[in-house]
Amino acid sequence: MDHSSPSTGKRRNLKLNFDTVRFTAKSPTECFTAGHPTQIERLRSHSLEQTGKLNISPEESYEFTADDLTDYGEIGRGAFGTVNKMFHEKSGQVMAVKRIRSTVDEKEQKQLLMDLDVVMRSSDCPYIVQFYGALFKEGDCWICMELMATSCDKFYKFVYSQNETIHEHILGKITTRTLKALNYLKESLKIIHRDVKPSNILLDRGGNIKLCDFGISGQLVDSIAKTRDAGCRPYMAPERIDPTASKHGYDVRSDVWSLGITLLELSTGKFPYRKWNSVFDQLTEVVKGDAPQLPHSENFSAEFVNFVNSCLTKDETLRPKYKDLLRHSFITIYEAKQVDVANYICDVLERMPTRVPINDNL
Ligand SMILES: Nc1ncnc2c1ncn2[C@@H]1O[C@H](COP(=O)(O)OP(=O)(O)O)[C@@H](O)[C@H]1O
Ligand SMILES: [Mg+2]
């Protein structure tokens, strides 16, 4: 069922958002002083709230504004925004809403909304977080997505704080699913993630492992990060920190590096570099220093160590791409292995303190 007005198709509706944003930002007083009835009518009908389209499933969509969402409280906070649990009454859907400051110009905003359309149509990969829709409000972009129980960063920090480790079986499933998600984004949606890190790999009680923060969110972050230093992107590959080192544009292999750092962190319980005091520190260590490596140990198979370390190949031209990694023996082993991920995640979540009760079913 489509609860939006019959005349507004998805693409048209998204475009309308921007007409509205531009309209309200530049000319409300102009409209009133001009007193033109059609302009006033236009202002009234669109109101000052920006509308978006919420696609709960291919059969169920709604037009929505920020006022249609009830805030249940903050779930998390990143360097560029906050994530809250919210409820959309008309659909009965509970969701995670990420609010991120939008510094992009009008042209980039239009592009983002076109990209968003692509992401919204893609619910056929079980390893990416479902994206419901987005709108712009008062200079913020609100991104509505599937609510998960927790993220890998919070999860691993809790596990290691209990003097426990994450077993390779679980790491194997996290790796295969994240790799498949990244490959799906690249092959099916033509998207490069650009922000692979533990907090962007989400988990739920059903044992699902899903990648988030690609597309619109990634691009907004990228655009904010351009105005800041690289120091706030600690998972960034050497060739990204020092772009003079890389002759090409963004390549999937930069995400392969970030995956390597992520796996090293999840398997050892520590971010592999010391705390940097400045961008210069980061540049020196990541660009000039040796790549961090996972040492061989009795805790991990030779396949896992080899997989992680090959992701951390310093020279990006020698670093594997997804198709090579998908053929790696570590992936073929763990694709076939039966692992009770749900049971393990539930056991840890039972013991983990949560700021906002997520949902007993997640
Ligand atoms: N869809 C989601 N479901 C549940 N928790 C989420 C979701 N998206 C993000 N979070 C939580 O919110 C936190 C902040 O997210 P974000 O703003 O993307 O910052 P970052 O990824 O840099 O930590 C994450 O660490 C994660 O724990
Ligand atoms: Mg994130």
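Keep in mind that what you see is a predicted model, and the values were worked out from it rather than measured. Just so you know, ligand 1 is whichever comes first in the structure, and atom 1 is the first atom listed for that ligand.
- Residues passing the side-chain hydrogen bond (donor to acceptor under 3.5 Å, both in side chains) test with Asp71 are Asn84, sequence neighbours excluded.
- The closest non-hydrogen atom to atom 25 (O) of ligand 1, taken over Ser199, Gly76, Cys212, comes from Ser199.
- Using a non-hydrogen distance threshold of 4.0 Å, Lys197 registers as a contact of ligand 1.
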Side chain to side chain donor-acceptor pair (under 3.5 Å) evaluation trace for Tyr334 with Glu303 | CA-CA 10 Å; Tyr334 279 98; Glu303 285 85 5; over 6 Å; no

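- Contact annotation: for Thr150 versus ligand 1, there are no heavy atoms closer than 4.0 Å.
- Between the Mg ion (ligand 2) and Asn200 there is an N/O/S contact shorter than 2.8 Å.
- When the options Met145, Glu74, Lys85 are ranked by their closest heavy atom to atom 8 (N) of ligand 1, first place goes to Met145.
- In the vicinity of Ala96, heavy-atom distances shorter than 4.0 Å reach the ligand 1 atoms 1 (N), 2 (C), 3 (N).
- Counting non-hydrogen atoms of neighbouring residues, nucleotides and ligands closer than 6.0 angstrom, the CD atom of Glu89 reaches no more than 12 such neighbours.
- No part of Thr82 comes within 4.0 Å of ligand 1, judged by heavy-atom distances.
- Using a 30° and 60° split on the angle between ring planes, Phe330 and Phe304 fall in the tilted class, from 30° to 60°.
- For Asp213, the N, O or S atom with the smallest separation from the Mg ion (ligand 2) is OD2.
- Between Arg253 and Glu239 there is no salt bridge, since no side-chain N of the basic residue sits under 4.0 Å from a carboxylate O of the acidic one.
- Ligand 1 has an N or O atom lying under 3.5 Å from an N or O atom of Lys98, backbone or side chain.
- Annotation for ligand 1: atoms under 4.0 Å from non-hydrogen atoms of Gly81 are 17 (O).
- Salt-bridge check for Asp251 with Arg319: failed, with every basic side-chain N at 4.0 Å or more from each acidic carboxylate O.
- A salt bridge links Glu285 with Arg274: at least one charged nitrogen is closer than 4.0 Å to a carboxylate oxygen.
- Asp340 is linked by a salt bridge (charged side-chain N to carboxylate O under 4.0 Å, His left out) to nothing, counting only residues two or more places apart in sequence or in another chain.
- Only the side chain of Leu202 comes within 4.0 Å of ligand 1, counting heavy atoms alone; its backbone N, CA, C and O stay farther away.
- At least one N or O atom of Met148, backbone or side chain, sits closer than 3.5 Å to an N or O atom of ligand 1.
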